[in-house]
There are 2 protein chains.
Amino acid sequence: MDTGPKIAQVAALVGDPARANMLSALMDGRTLTATELAYLSGVAPQTASGHLAKLSDAGLLALERRGRRRYFRLASPLVARMLEGLMVVAQEGPARQRNLWRGGETLRHARTCYDHMAGRIAVAIADRLVQQSFILLDEDGGQLTDAGQSFFDGLGVDLCLASKRRVFCRPCLDWSERRPHLAGAVGAAILRHALDHAWVEHIRDSRALLVTPVGVRELAATFGIEGAPPTDACKGPVASLSRGRAAVNSV
Amino acid sequence: MDTGPKIAQVAALVGDPARANMLSALMDGRTLTATELAYLSGVAPQTASGHLAKLSDAGLLALERRGRRRYFRLASPLVARMLEGLMVVAQEGPARQRNLWRGGETLRHARTCYDHMAGRIAVAIADRLVQQSFILLDEDGGQLTDAGQSFFDGLGVDLCLASKRRVFCRPCLDWSERRPHLAGAVGAAILRHALDHAWVEHIRDSRALLVTPVGVRELAATFGIEGAPPTDACKGPVASLSRGRAAVNSV
DNA sequence: CAAACACTTCGGCGAAGATCGTAGTGTTTT
DNA sequence: AAAACACTACGATCTTCGCCGAAGTGTTTG
């Protein structure tokens, strides 16, 4: 089931200026008639009628007949959320988008997410552990295999503590990478281990993490991933990323 | 500044099947080349090149030159969020959307939002207070006028308590109505008053509120709004809604 | 019952834009 | 240096779709 064509269908619907004007006018939850919407969107009533029929058929608008006129409103808060998403992207010009990454390049590389690690590094670690069958990741849960238990034992990471009082292992969708990293007791243990062994350290009082030279070496040795941030030398899709992609396909 | 045309521009970009396929393929944070994206979206490389240029110019994609090939990825998490919004609306067929309201009709009418009221009723109350110049509502704050002070005094609502320790009055965007209702000490005082005087009562252990017959009468007398839920008799845009619209225009 | 109103359907016009073939630039490989 | 490769620019074709005039259905008002 490919999602591409489906979202194109909805987006194309919103992609017409007249229809977009109608939806914008309804964003605040108002209930408007076809004629009002025609005027607000700047088209003739006949044209508006066609547009409104399409929007209703697609389930974007809810329709209520009342006498000789028809009242329209957004079909659900989900539609409003979608429109908000479009507004945000539309208002931030092409310029802003870049700064978001530029300034946040360090954050994107490695950071904390509550009590565990996130960012490129964390996703690469999760990919590796899945690829090696040390961990089985599900949609909303995870499981440590026997091999994985041995692996962590060998590292000197104690996973037993606190395993009763909290979720042991679960995926957590990475904010910047949009792919899962490890949370739960396992994720927390990994971060603690990394901090204890000076693989990473907190930067100022931000959530960003600095990967130390020791960390770069040990991350490569332990997980086979490139721990250095993408500076001049190594920029773009690094080894850990392409490997990560293969792992994702297997999940 | 009309937002309609702007969101139409972005939506139209996503509205083409080929481009939508590209964006879908990048949803998981991967970094792909122009050729890969051309193949995935099912068009010739020349066509893909044009699409990718448009998406980059609009700030939806980030581009990285690397040797003789170009790597693309989503420009920011905001873009991913927008696409998610579209996916949700696209996957829930027209059928699902209705159920969301039908089941939640009571919630939509009146409910609690933390310690204050929300829903149609709460928005109508806020509109009325603004319309009467009892309260001045700003983007992110609110202010009680002298007239408003007298009004609440007359009702027997004591607004003085706890006014120091928390935000006194602020707007809170209503989940279902997508227009502000009152939060802060003022909002909390109104809910407490309504509960104390049996205008409304909690339903089971949900957040929904039931408007009692007393409440219907008193809401009409106090705020001039229709407090009864829209059953058979009174369905669709009731008096309180059209009045609310006028108030919004004045804010 | 007739007129006004709100809305829909139909049909032709016209513009926007998606597509790919051909030809070009810049980069890597042999 | 030549060939292969990744991508871009241009131009012609073609489909799609928004648009409004004219005419038609159902509802309310006088």
Side-chain angles (χ1 to χ4, degrees), chain A residues 4-5 7-26 30-58 60-73 235-237 242, chain B residues 2 4-26 30-58 60-73 235-237 242:
Chain A
I7 77 172
Q9 221 170 335
V10 176
L13 233 42
V14 189
D16 177 76
R19 286 192 293 258
N21 278 328
M22 292 174 175
L23 293 168
S24 295
L26 295 169
R30 282 186 294 181
T31 308
L32 298 174
T33 69
T35 315
E36 289 175 295
L37 286 167
Y39 173 74
L40 288 172
S41 60
V43 294
Q46 314 94 297
T47 309
S49 175
H51 286 315
L52 291 168
K54 285 179 188 171
L55 291 172
S56 298
D57 288 347
L60 298 189
L61 293 186
L63 156 69
E64 194 167 342
R65 293 157 213 273
R66 173 167 271 268
R68 65 183 169 189
R69 66 185 82 192
R70 313 204 150 176
Y71 291 89
F72 294 88
R73 65 159 184 245
K235 233 169 93 178
S242 35
Chain B
D2 217 2
K6 280 202 211 162
I7 77 171
Q9 219 170 334
V10 176
L13 232 42
V14 188
D16 178 75
R19 286 193 292 258
N21 278 329
M22 293 173 175
L23 293 168
S24 296
L26 295 169
R30 283 188 292 182
T31 307
L32 298 174
T33 69
T35 314
E36 289 176 293
L37 287 166
Y39 173 72
L40 288 173
S41 59
V43 295
Q46 313 93 301
T47 309
S49 176
H51 286 316
L52 291 168
K54 284 180 189 171
L55 290 172
S56 298
D57 288 347
L60 298 189
L61 294 185
L63 157 69
E64 194 166 341
R65 294 157 213 272
R66 171 166 272 268
R68 65 181 169 187
R69 64 186 81 192
R70 311 203 151 178
Y71 291 90
F72 292 88
R73 67 161 182 246
K235 232 169 93 177
S242 35

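Every chain is numbered from 1, with letters handed out A, B, ... down the list of sequences. No hydrogens, no waters, no symmetry mates; every other heavy atom, side chains included, goes into these values.
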- [ ] Whole angstrom is fine here: how far is it from CZ in R69(A) over to P in dT8(C)?
- [x] 13 Å
- [ ] Report the distance from atom CG of L32(B) to atom CZ of R73(B), rounding to the nearest 0.5 Å.
- [x] 12.0 Å
Open item on the list: Distance check needed: dG17(C) P versus D57(B) CG, whole Å only.
Closed with: 14 Å
Task: Considering all heavy atoms, the nearest A48(B)-A34(B) contact - done: CB-O, 4.5 Å
TODO: Grab the CZ-C1' distance between R65(A) and dT25(D) for me, whole Å please.
DONE: 13 Å
Task: Nucleotide-resolved protein contact map, nucleotides 18-23 of chain D, B/S/- at heavy-atom distance under 4.0 Å - done: SSBBB-
- [ ] Whole angstrom is fine here: how far is it from CG in N21(B) over to P in dT19(C)?
- [x] 10 Å
TODO: Measure from CG on L52(A) to C1' on dT9(C) and round the result to the nearest Å.
DONE: 15 Å
TODO: Compare the minimum distances between each of dA6(C), dT8(C), dT8(D) and the side chain of S49(B), then state the nucleotide with the smallest one.
DONE: dT8(D)
- [ ] To the nearest Å, give me how far apart CG (L63(A)) and C1' (dA6(C)) are.
- [x] 13 Å
TODO: Sugar-phosphate means primed atoms, P, OP1 and OP2; the rest is base. With that split, encode nucleotides 24-30 of chain C 5' to 3' as B, S or - using protein heavy atoms under 4.0 Å.
DONE: ---BB--
Open item on the list: For the CG atom of L61(A) and the CZ atom of R19(A), what is their distance to the nearest 0.5 Å?
Closed with: 11.0 Å
Task: Spacing between Y39(B) atom OH and dC5(D) atom P, to the nearest angstrom - done: 18 Å
Task: A18(B) to S41(B) - nearest heavy-atom pair and separation - done: O-CB, 3.4 Å
Open item on the list: Just verifying a value: how many Å separate F72(B) CZ and T31(B) OG1, rounded to the nearest 0.5 Å?
Closed with: 11.5 Å
Open item on the list: Tell me the closest heavy-atom pair linking A38(A) and P45(A), and the distance in Å.
Closed with: CB-CA, 4.1 Å
Task: Test applied, side-chain contact (heavy atoms from CB on, under 4.5 Å); reference residue, L55(B); option that passes from L26(B), V14(B), L60(B), D16(B) - done: L60(B)
Open item on the list: Show the nearest heavy-atom pair for residues M22(B) and L52(B), with the distance to one decimal.
Closed with: SD-CD2, 3.8 Å
- [ ] Using whole Å, report how far CG of L13(B) lies from C1' of dA16(C).
- [x] 14 Å
- [ ] Return the minimal non-hydrogen interatomic distance between L13(A) and K54(A), and the atom names on each side.
- [x] CD2-O, 4.1 Å
